[in-house]
4 protein chains.
Amino acid sequence: MPKETFFNLSETKRKRILEAAIDEFAENGYENSRVNEIVRRSTIPKGSFYQYFENKCDLFRYVLDIIYKKKMEMMTDIEISHKELSVFETLRIMVEAGIKMAEEDPRLSKISDKLVANKPLMDEVLKEYAPSSDDLIKSLIRRGKDNGELADWVDPELASNLITAFILSLSEMIRSSNNGIIAEAAREKYLSLINFLEYGMKRREDDDSGK
Amino acid sequence: MPKETFFNLSETKRKRILEAAIDEFAENGYENSRVNEIVRRSTIPKGSFYQYFENKCDLFRYVLDIIYKKKMEMMTDIEISHKELSVFETLRIMVEAGIKMAEEDPRLSKISDKLVANKPLMDEVLKEYAPSSDDLIKSLIRRGKDNGELADWVDPELASNLITAFILSLSEMIRSSNNGIIAEAAREKYLSLINFLEYGMKRREDDDSGK
Amino acid sequence: MPKETFFNLSETKRKRILEAAIDEFAENGYENSRVNEIVRRSTIPKGSFYQYFENKCDLFRYVLDIIYKKKMEMMTDIEISHKELSVFETLRIMVEAGIKMAEEDPRLSKISDKLVANKPLMDEVLKEYAPSSDDLIKSLIRRGKDNGELADWVDPELASNLITAFILSLSEMIRSSNNGIIAEAAREKYLSLINFLEYGMKRREDDDSGK
Amino acid sequence: MPKETFFNLSETKRKRILEAAIDEFAENGYENSRVNEIVRRSTIPKGSFYQYFENKCDLFRYVLDIIYKKKMEMMTDIEISHKELSVFETLRIMVEAGIKMAEEDPRLSKISDKLVANKPLMDEVLKEYAPSSDDLIKSLIRRGKDNGELADWVDPELASNLITAFILSLSEMIRSSNNGIIAEAAREKYLSLINFLEYGMKRREDDDSGK
DNA sequence: GATGAATGAGACTTCATTCAT
DNA sequence: AATGAATGAAGTCTCATTCAT
């Protein structure tokens, strides 16, 4: 976590620093990003950097935190405000929102994608973030089962894994679309995957199997 | 590609060097791995390293190549030698083989997982490897449709995406099992995902929908 | 050009660094000089070196610049402040001044002499410096012709070549006097060369030839 | 001096090695030339290199020796076989021969030009070669004085310096003509310098001065 | 003698972090 | 708190020369 001095800064300055950091991390990943460059881009003195942050890693984790919180907030908002919709309708909205977020600021997606290289760092981060995002999906599934939308055999654990796999592959698609605009094709492909999930999981008259 | 001098070495020495490299890359990813360390672990002089390899990247790509070829060989063998099996049976065997491979040498899986940090390098590598592994899956799907195992609406493109997403999430599971032994739970989870795929894609009497 | 940080240093420190660099370059030429050694001699940390200069070449070119500017300033001063003297008198003063300069700091002459090994570097440097020094000589010649001191047939181009050849051979003499003190003999030889030039170029009553 | 093993080689092989060395030295100068490259170009094993030569320097000095001997032989031949010609006629022929030599193999001129960077090496080399080339010129001058071609005041020492200065500047011209073909302009300039020398040094009716 | 692998000192440079004002 | 210079460990890579077969 940044030091108190960072939070005492004017918002404009804080923004400037964060923008610079996000740019640098998105372009180069954690390892290849340079404090020098962040400092240059945000036009703060190098000494100040270490007065605001413990070290490079401190800032990076703070940036991750921001990204993660933004994503979670978005997802949770949707989950809460669309309780009347079906599970898959909700998922579709989440995907659309995720794509929109990635289009609005592709840097954020890039940063998480590039996370993987640094083992100890990544482990720490995952331990922190993974559970709650998993929880969100599971609670969505549970609602679907309570509603009778989903077949009885559907296991929340299983479904959550499926959906997480999808989210990962979404990131991949976004990452590989180099211009920052998600091609329409990618969106369609994505929605068809949800169709498939729906087709496979929805309750049927002759509900007998799955496993 | 390593230089000729490398291939002229005794097998024991070549192995020693590769083992050292794989260890280092698996532990630290490409960026954080040090030639110095590889050289120390394999007890070769630093000068020799550069007589065997163009540079650090050269060795890394060679290691990736080995991993990739090993995986592909395994997958292709299965695809060819089990033409009598159903698509999903084949997939199950592939998954089992993949898990076994990862259990036998978890370092190999780790290396590919940590690839992502270096964008230009990764792009190059993907361009080289992705297509053929995609082809394998697609040919599997096509066979399933020709056999009448798969529903008519199943799009090879879509299915290949689904399966690739699964493979990604498999890697993830393996990676997160830090002790090197894939928990039995992970295997079960995995197989249940294939069950789901089968359930969703198989041809039915009343085959009408999906999309 | 050195970075701003270099010019912000105290003069003593800047001098110390330059002295160390000049020593090293004079003794070993560009190729054989080591940043390590410059850093050791000036007792600055290696990291500082790269905070002051882009790289080894940057410092070298800066040193050349200093030498060149010093020489040009000296020569130009003489040319301007002795307009009443004959061309050859001026040349004699220049030579004396050049010798004195070389005696005061023989390292400077040595550095330019050793420049030649690195072709691309040298070409760049020559492109930068040669023209203006050529101009100085030519303007001197032109004045001589306007004055009627020089024979009509004397071609500024030719004369400038002659004189440049002399300056080269002067450098050579200085370089080969390894103790740093220009032997009196060398000076005399030098002046006799100018005598010869004067004898050959001065206007005569029966001015008919040359070419 | 190369070892006996070198001189025992077949002429074709010896030539091949020398050609490779001359290429490398001409392109890069002594410091920047690599034994590796010479070995590669001449397709001899690296081990053989050190069986033929003491070390890199040994080969370099041998190459210098060849160049120098070639030049001296050419100059001496001219001096001997044209005793009937005037001093300056002889010089003109020498210059033409020198230019032709440089045109036929510009690499040779380049090598001597790039010599200067390595102080101890150069000093040694100069000590070895300079005297005899100086002698040649001086003997030429002496003949001129004995003939009565040259003015009484002409000092052999002085004249030899002058001519050496010219030869230096000739090298320079050749070096800077990057295409390897000496521009016609350079030749003309050169000859006009000799004209000047002749004009300045030749005996006149009213021979009174110079000094 | 021929061969080519082995060797390691040492070159340049980067960069996160600390220090001093 | 702000500033930017100071610091040095560590990185990659080169290359002349020696060694072993």
Side-chain angles (χ1 to χ4, degrees), chain A residues 3-6 8-9 13 31-40 43-60, chain B residues 3-10 13 31-39 43-59, chain C residues 3-10 13 31-39 43-59, chain D residues 3-6 8-9 13 31-40 43-60:
Chain A
K3 301 182 188 170
E4 219 187 294
T5 49
F6 176 69
N8 292 337
L9 292 176
K13 194 165 183 181
E31 308 295 342
N32 291 354
S33 291
R34 286 154 305 162
V35 171
N36 263 343
E37 189 58 18
I38 294 173
V39 148
R40 196 190 58 72
T43 59
I44 60 166
K46 181 130 86 181
S48 298
F49 183 95
Y50 286 88
Q51 228 142 18
Y52 304 150
F53 309 101
E54 215 71 65
N55 48 34
K56 180 174 138 180
C57 185
D58 184 28
L59 168 55
F60 184 64
Chain B
K3 301 183 188 171
E4 220 186 295
T5 50
F6 177 69
F7 296 108
N8 292 338
L9 291 177
S10 75
K13 194 165 185 180
E31 309 291 345
N32 288 359
S33 291
R34 291 150 300 161
V35 171
N36 268 344
E37 187 59 19
I38 294 173
V39 148
T43 57
I44 59 168
K46 207 190 306 202
S48 296
F49 182 95
Y50 287 92
Q51 216 148 24
Y52 304 149
F53 309 102
E54 214 72 65
N55 47 36
K56 180 174 138 181
C57 185
D58 184 27
L59 169 55
Chain C
K3 302 181 187 172
E4 222 186 293
T5 49
F6 178 68
F7 297 108
N8 292 338
L9 292 177
S10 76
K13 193 163 185 182
E31 308 292 346
N32 289 357
S33 290
R34 290 152 301 162
V35 171
N36 267 345
E37 187 58 19
I38 294 173
V39 147
T43 59
I44 59 167
K46 208 189 304 200
S48 296
F49 183 94
Y50 288 91
Q51 215 147 27
Y52 303 150
F53 310 102
E54 216 70 65
N55 47 35
K56 181 174 139 183
C57 185
D58 184 28
L59 168 55
Chain D
K3 301 182 186 171
E4 220 187 294
T5 50
F6 177 69
N8 291 339
L9 292 176
K13 193 163 184 181
E31 308 295 343
N32 291 353
S33 290
R34 288 153 303 162
V35 171
N36 264 344
E37 189 58 19
I38 294 173
V39 149
R40 195 190 59 73
T43 58
I44 58 167
K46 182 128 90 184
S48 298
F49 184 95
Y50 285 90
Q51 227 143 17
Y52 303 150
F53 309 101
E54 214 70 64
N55 48 33
K56 178 174 139 180
C57 185
D58 184 28
L59 168 56
F60 184 64

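Predicted model only: the values in this text are computed from it and were never measured. Within every chain, numbering begins at 1; the chains are lettered A, B, ... in the order of the sequence lines, protein sequences first and strands thereafter.
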Base, sugar-phosphate, or nothing for [X], non-hydrogen atoms under 4.0 angstrom?
X	result
N55(B)	sugar-phosphate
K46(B)	base
Y52(C)	sugar-phosphate
S33(C)	sugar-phosphate

Report the base-pairing partner of dT21(E) (Watson-Crick or G-U wobble, both distances below 3.5 angstrom), or none.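 Its partner is dA2(F) (Watson-Crick or G-U wobble, both distances under 3.5 Å).
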Rounding to an integer number of Å, can you tell me how far E31(A) CD sits from dA10(F) P?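 Answer to the nearest Å: 16 Å.
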Just compare [options] and give me whichever is closest to any side-chain atom of [X].
X	options	answer
Q51(A)	dT3(F), dC12(E), dA5(F)	dT3(F)
Y50(A)	dA16(E), dT17(F), dG11(F)	dA16(E)
S48(B)	dT7(E), dG1(E), dA6(F)	dT7(E)
L9(B)	dA6(E), dC15(F), dA6(F)	dA6(E)
P45(B)	dA2(E), dA5(F), dA6(E)	dA6(E)

Within less than 4.0 Å of OP1 or OP2 of dA5(E), is there a side-chain N or O belonging to K3(B)?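 Result: no.
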Looking only at side-chain N and O atoms, does N8(C) come under 4.0 Å of OP1 or OP2 in dA5(F)?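 For N8(C), the contact criterion (side-chain N or O under 4.0 Å from OP1 or OP2 of dA5(F)) is met.
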I44(A) backbone acceptor or donor facing K13(A) side chain under 3.5 Å: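 Judged by distance alone, no pair lies under 3.5 Å.
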